[in-house]
Amino acid sequence: MTRPGGGEESTRTTYRVLSLGAGVQSSVLALLLSRGARTLRDLGYASPDVAIFADTGWEPEYVYEHLDWLEGELAFPLIRVSAGDLSTNLPRAHTVSGHNFVDVPLFLVDEDGKKGMLRRQCTNHYKVRPITRRVRELAGGIRGRPFPRDQRVEMWLGISADEVTRMKPSRESWIEHRWPLVDLGMGRQDCLDWFAAEYPRRELPRSACVICPYRSDEHWLELKRAEPSSYEEAVNFDRWLRRSRANPVRRLISGRPYLHVSRRPLETVIAERERSGPVASEDFIEECEGLCGV
């Protein structure tokens, strides 16, 4: 780090945190770190000070069950943070601050058939910000003061080697992002294979909130099989979005909103996919910065 006057200022890492999405990759990474895998130690990854999970309040129940199990397996603390309940805020068209705003990236189509999409802000509001706030506190940051310039936090994210397009630097100057699975050369399938060998009686969930529009058809079908009640909740919410122009969400947007990228009712599309046979593996339509879905 260079000082304004041109001199060098040494920066030391004083805190290390694993950002836990509770999906396939970050769960396997957490377990590898907890076991002190030599391959990770050789790359400079010791045990993190803490793992941290941001709860939107609208995760499938199997994600919460998986978190409870994972917490019991880890040799370091797992902390859960929350900025608010998405399942309460979104139907009111409120964001975490209470302002009128739709922060989930719904797919839209207007009366002329023109397609659009709302800007994704849910990851920032419900994942990035609450994690950053808590990490700053844990690392010794003092509220109202700049984080010490000679200190930094390493945040490790569970992005795998086949998802390098998700790798992005931190928005905070005092946080440095690192990607252990990329350094190991482990892809998502490698993570699944490792977990199947080590925990043959358990399944790894994908992590995304119940109504996440970035679910692929494969992922929607997985939700329907694993947790029918959550899938029905998503279907009902998708219907509600278009039921009346007077609902809070519709009042803030132009166009008809949908959860599915096809801009058709979710229930209809997934029923057609079920009848058409096996679904090819697909990734998210967009990335979620390594904080959702990994």
Side-chain angles (χ1 to χ4, degrees), residues 1-23 25-26 29-30 32-33 40-56 76-84 86 95-97 99 101 103 105 119-161 163-184 207 214 284 286-294:
M1 181 180 292
T2 304
R3 292 175 174 170
E8 291 298 317
E9 178 182 302
S10 61
T11 303
R12 57 196 176 92
T13 299
T14 57
Y15 204 78
R16 296 171 177 84
V17 58
L18 170 62
S19 180
L20 186 69
Q25 292 97 317
S26 66
L29 176 57
L32 287 169
L33 288 165
L40 282 170
R41 295 200 312 269
D42 290 345
L43 290 168
Y45 294 103
S47 177
D49 293 288
V50 67
I52 189 163
F53 172 80
D55 183 4
T56 67
F76 42 82
L78 192 166
I79 294 177
R80 309 180 200 206
V81 297
S82 175
L86 180 63
T95 189
V96 292
S97 62
H99 292 95
F101 186 76
D103 49 11
R119 183 182 177 191
R120 172 173 56 86
Q121 290 292 318
C122 47
T123 299
N124 190 37
H125 293 164
Y126 289 91
K127 295 287 186 178
V128 176
R129 289 182 183 176
I131 288 176
T132 301
R133 281 197 297 267
R134 181 60 65 87
V135 169
R136 196 178 191 281
E137 294 170 4
L138 292 169
I142 299 174
R143 188 172 183 178
R145 297 185 186 180
F147 197 80
R149 293 185 61 186
D150 63 340
Q151 300 178 27
R152 71 176 176 191
V153 171
E154 281 190 4
M155 182 175 288
W156 304 344
L157 295 102
I159 290 172
S160 52
E163 298 179 330
V164 294
T165 56
R166 290 188 180 186
M167 294 168 60
K168 293 183 179 180
S170 171
R171 303 173 187 179
E172 304 291 338
S173 60
W174 50 275
I175 295 179
E176 178 186 359
H177 283 174
R178 297 186 69 187
W179 303 273
L181 294 175
V182 175
D183 290 343
L184 284 175
S207 176
Y214 287 165
F284 283 165
E286 285 283 347
E287 52 76 34
C288 279
E289 301 183 24
L291 295 169
C292 305
V294 297

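Residues I52 and L18 have side chains not in contact (no heavy-atom distance under 4.5 Å, counting atoms from C-beta outward). Side-chain contact between E154 and Y15: absent, with no pair of heavy atoms (C-beta onward) separated by less than 4.5 Å. Two residues are said to be in side-chain contact when any heavy atoms from C-beta on lie closer than 4.5 Å; R80 and L78 meet this criterion. V17 places none of its side-chain heavy atoms less than 4.5 Å from the side chain of L138. Taking the side chain as every heavy atom from C-beta outward, L20 and W156 never approach each other to under 4.5 Å. When side chains are defined from C-beta on, R149 does not count as touching W174, because their heavy atoms never get closer than 4.5 Å. In this structure, the side chains of R178 and M155 stay at 4.5 Å or more apart for every pair of heavy atoms. At least one side-chain heavy atom of C122 sits under 4.5 Å from a side-chain heavy atom of P105.
Separation of atoms CZ (R134) and OG (S82) is listed at 10.0 Å; rounding is to 0.5 Å. Distance OG/S47 to CZ/R41: 11.0 Å, rounded to 0.5 Å. A distance of 8.5 Å separates CZ in F53 from CD1 in I131, rounded to the nearest 0.5 Å. Once rounded to the nearest 0.5 Å, the distance linking CG of L181 with OG of S160 reads 6.5 Å.
Checking R16 against T13 by side-chain atom types alone, no donor-acceptor pair falls below 3.5 Å. No side-chain N or O of T11 forms a donor-acceptor pair with one of R152 less than 3.5 Å apart. Side-chain contact of Y126 with D55: a donor-acceptor pair under 3.5 Å is absent, judged by distance alone.
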side-chain contact (heavy atoms from CB on, under 4.5 Å) between K127 and T56, worked out: CA-CA 7 Å; K127 295 287 186 178; T56 67; 3.9 Å; yes
N124 and R171: CA distance, side-chain angles, deciding distance, side-chain contact (heavy atoms from CB on, under 4.5 Å) verdict: CA-CA 11 Å; N124 190 37; R171 303 173 187 179; 2.8 Å; yes
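Nearest heavy-atom pair across W179 and M167 is CE3-CE, 3.3 Å. The shortest heavy-atom contact between I175 and H177 is CG2-CD2, 3.9 Å. The two residues G21 and S207 have their closest heavy-atom pair at O-OG, 2.6 Å. Nearest heavy atoms, A83 versus H125: CB-O, 3.5 Å. Taking every heavy atom of both residues into account, A30 and F76 meet most closely at O-CZ, 3.6 Å. Considering all non-hydrogen atoms of both residues, L40 and P180 come closest at CD2-CB, 3.8 Å.
Without hydrogens or angle criteria, T95 side chain to S97 main chain gives no donor-acceptor distance under 3.5 Å.
Both the sub-6.0 Å distance and the 45° axial angle are not jointly satisfied by R136 relative to the ring of F147.
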